[in-house]
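See structure below.
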Amino acid sequence: MRVAILGATGYGGAELVRLLRRHPEVTITAVYGHSQSGKPLAEVFPHLMDVDVEVEPFDASDAAARADVVFTATPAGVSHTVIPALLERGVRCIDLSGDFRLKRRETYRQWYGKETAEEALLARAVYGLAEWFADAVRGADLVANPGCYPTATLLGLLPLVKEGLVEDDDIVVDAKSGVSGAGRSPGLATHFSEVNENLTAYKIGVHQHIPEMEQTVTAVTGRAVRLTFIPHLVPMTRGILATIYARAKAGVTERHLREALVAAYADKPFVRVRPAGVVPRTKDVYGSNYCDLNAFFDARTGRAVVVAVIDNLVKGAAGQAVQNLNMMMGWPETLGLDLGPVFP
Ligand SMILES: NC(=O)c1ccc[n+]([C@@H]2O[C@H](COP(=O)([O-])OP(=O)(O)OC[C@H]3O[C@@H](n4cnc5c(N)ncnc54)[C@H](OP(=O)(O)O)[C@@H]3O)[C@@H](O)[C@H]2O)c1
């Protein structure tokens, strides 16, 4: 399978190159960038020095001639301008940005402050939360790869809301991300001396991943929900830890909560429900495509608590995108993703 990557000079794109260079069914035939076009990829990323390709400016006809599948790992507002031309030329697309995740254009405008694709194309895009929408992903020609925070949050939350173990009207998600979640472009918010030994909440109640999570809970349960979602920036490079709080329904115990997680992911290779009482940590999944989960019950307050961890660049971006490629092509879901976590 010939594969091209647009945005290969960014963190998500570089992680795609790292994973796909060892994928047994894939050859990387082109990598495209923007401001860094013209350089060898190894000059941009010395850790990829054994990948002998040059970063090129993107052109849809060129990409269609050289690739069967194109991954787009570009900032919000870019991929919707290039994907229609690729689809017209019969190229399958997996988009790591938010451009195709929301079904309503107006919702995208409201939360991203930008334009995106026509609603017919948004309807054609399959939301690639692989563990929950496998049937739709198989055979799709356009996959919207989920956001990093939604991946951790939804994998933890969906089993509980689907099984009706918690009330829908009081769900709080408190999530922390490493700084690579903000991408490679330098900025004050990700400056070492501002991030190091600092802990910051940001975009309280206005983060663009909120409608994505609410839309997906509705898609699974048929019920409208409102989530309180508070992201935090933590001084580490990779990793997301999401703690989800919800009022448990009467009679629900930790055993019921954990059983719902275990049942939902019994045959899912990348979701690991930890033994009772074990709290997942970001380093348990670092560099891997795993999401580690556990559920707890705070008997004093009647709250269900789920802790979910992922590596934002792997399960939260490039790894899940490769998982989606595998499923689109009918290959084993785990192909090219046998990545043991790096510890410590
Ligand atoms: N970082 C994460 O943990 C994470 C997780 C999940 C999803 N995502 C999403 O994935 C996408 C990429 O994120 P990232 O962290 O990899 O960002 P990044 O490090 O900032 O990389 C952005 C890439 O897009 C290219 N680019 C920028 N503007 C462009 C334009 N107008 N046209 C074409 N290419 C353009 C850049 O090329 P040059 O370097 O050559 O200028 C670079 O290759 C974003 O939408 C992000 O929200 C990121």
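What you see is a predicted model; the values in this text were computed from it and never measured. For this chain, numbers begin at 1 and follow the sequence in order. Whatever order the structure lists them in is the order used to number ligands and atoms, beginning at 1.
When all heavy atoms of V278 and P280 are compared, the closest pair comes out as O-CD, 3.5 Å. Contact detail for Q323 and N289: the closest heavy-atom pair is OE1-ND2, 3.1 Å. What you find for I171 and A246 is that their closest heavy atoms are CG1-CB, 4.1 Å. Between L102 and L122, the closest heavy-atom pair is O-CD1, 3.5 Å. When every heavy atom of L199 is checked against every heavy atom of H232, the shortest pair comes out as CD1-CB, 4.5 Å.
Protein heavy atoms all stay at least 4.0 Å away from atom 48 (C) of ligand 1. Using a 4.0 Å threshold on non-hydrogen atoms, atom 10 (O) of ligand 1 counts as touching the protein.
Protein heavy atom closest to atom 35 (C) of ligand 1, with residue, atom name and distance, is H34 CB, 3.4 Å. For atom 45 (O) of ligand 1, the closest heavy atom belonging to the protein is T74 O, 2.7 Å. Looking from atom 24 (O) of ligand 1 to the surrounding protein, the closest heavy atom is P75 CD, 3.3 Å. The closest protein non-hydrogen atom to atom 6 (C) of ligand 1 is G316 O, 3.0 Å. Among protein heavy atoms, atom 3 (O) of ligand 1 sits closest to N312 ND2, 2.8 Å. What sits closest to atom 43 (O) of ligand 1 on the protein, heavy atoms only, is T9 OG1, 2.6 Å. Nearest protein heavy-atom contact of atom 18 (P) of ligand 1 is R184 N, 3.6 Å. Among all protein heavy atoms, the one lying closest to atom 8 (N) of ligand 1 is L96 O, 3.9 Å.
Here's the thing with G7: one of its N/O atoms is less than 3.5 angstrom from an N/O atom of ligand 1. For a threshold of 3.5 Å applied to N or O pairs, the pair formed by G12 and ligand 1 contains at least one separation below that value. Polar contact with ligand 1: absent for R101 (N/O pair, distance under 3.5 Å).
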- Would you check, one step at a time, whether the test salt bridge (charged side-chain N to carboxylate O under 4.0 Å, His left out) holds for R223 with E214? CA-CA 10 Å; R223 300 187 296 271; E214 291 180 348; over 6 Å; no
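Near G181, meaning under 4.0 Å from any of its heavy atoms, are these atoms of ligand 1: 1 (N), 2 (C), 3 (O). Of all atoms in ligand 1, listed by their number and element, those nearer than 4.0 Å to a heavy atom of S97 are 45 (O). Shown in contact with A317 at under 4.0 Å from a heavy atom are these atoms of ligand 1, numbered in order with element: 5 (C), 6 (C). Distances below 4.0 Å separate heavy atoms of Y11 from the following atoms of ligand 1: 16 (O), 19 (O). Contact atoms of ligand 1 toward L313: 1 (N), 2 (C), 3 (O) (distance under 4.0 Å to a heavy atom of the residue). Annotation for ligand 1: atoms under 4.0 Å from non-hydrogen atoms of V78 are 30 (C), 31 (N), 32 (N), 33 (C). In the vicinity of G33, heavy-atom distances shorter than 4.0 Å reach the ligand 1 atoms 40 (O).
Considering Y127, Y108, Y149 as possible partners of E212, the one that fulfils the side chain to side chain donor-acceptor pair (under 3.5 Å) test is Y127. For the side chain to side chain contact (heavy atoms under 4.5 Å, CB included) test with V3, the passing option among V69, T27, T29 is V69; the others fail.
For the residue pair N324 and N145, a side-chain donor N or O sits within less than 3.5 Å of a side-chain acceptor on the partner. Judged by distance alone, the side chains of S180 and N312 do bring a donor and an acceptor atom under 3.5 Å apart. For S79 and D95, the side-chain atoms include at least one donor-acceptor pair closer than 3.5 Å. Side-chain polar atoms of R258 and N294 form a donor-acceptor pair below 3.5 angstrom.
Between G13, G178, A73, A321, it is A73 that holds the heavy atom closest to atom 23 (C) of ligand 1.
Remark: R272 is positioned above the aromatic ring of Y290, its terminal NZ or CZ atom under 6.0 angstrom from the ring centre and at most 45 degrees off the axis.
The closest approach between a heavy atom of F58 and any atom of ligand 1 is not below 4.0 Å. At least one heavy atom of S180 sits closer than 4.0 Å to an atom of ligand 1.
Using a 4.0 Å cut-off between a side-chain N of Lys or Arg and a carboxylate O of Asp or Glu, R21 and D50 qualify as a salt bridge.
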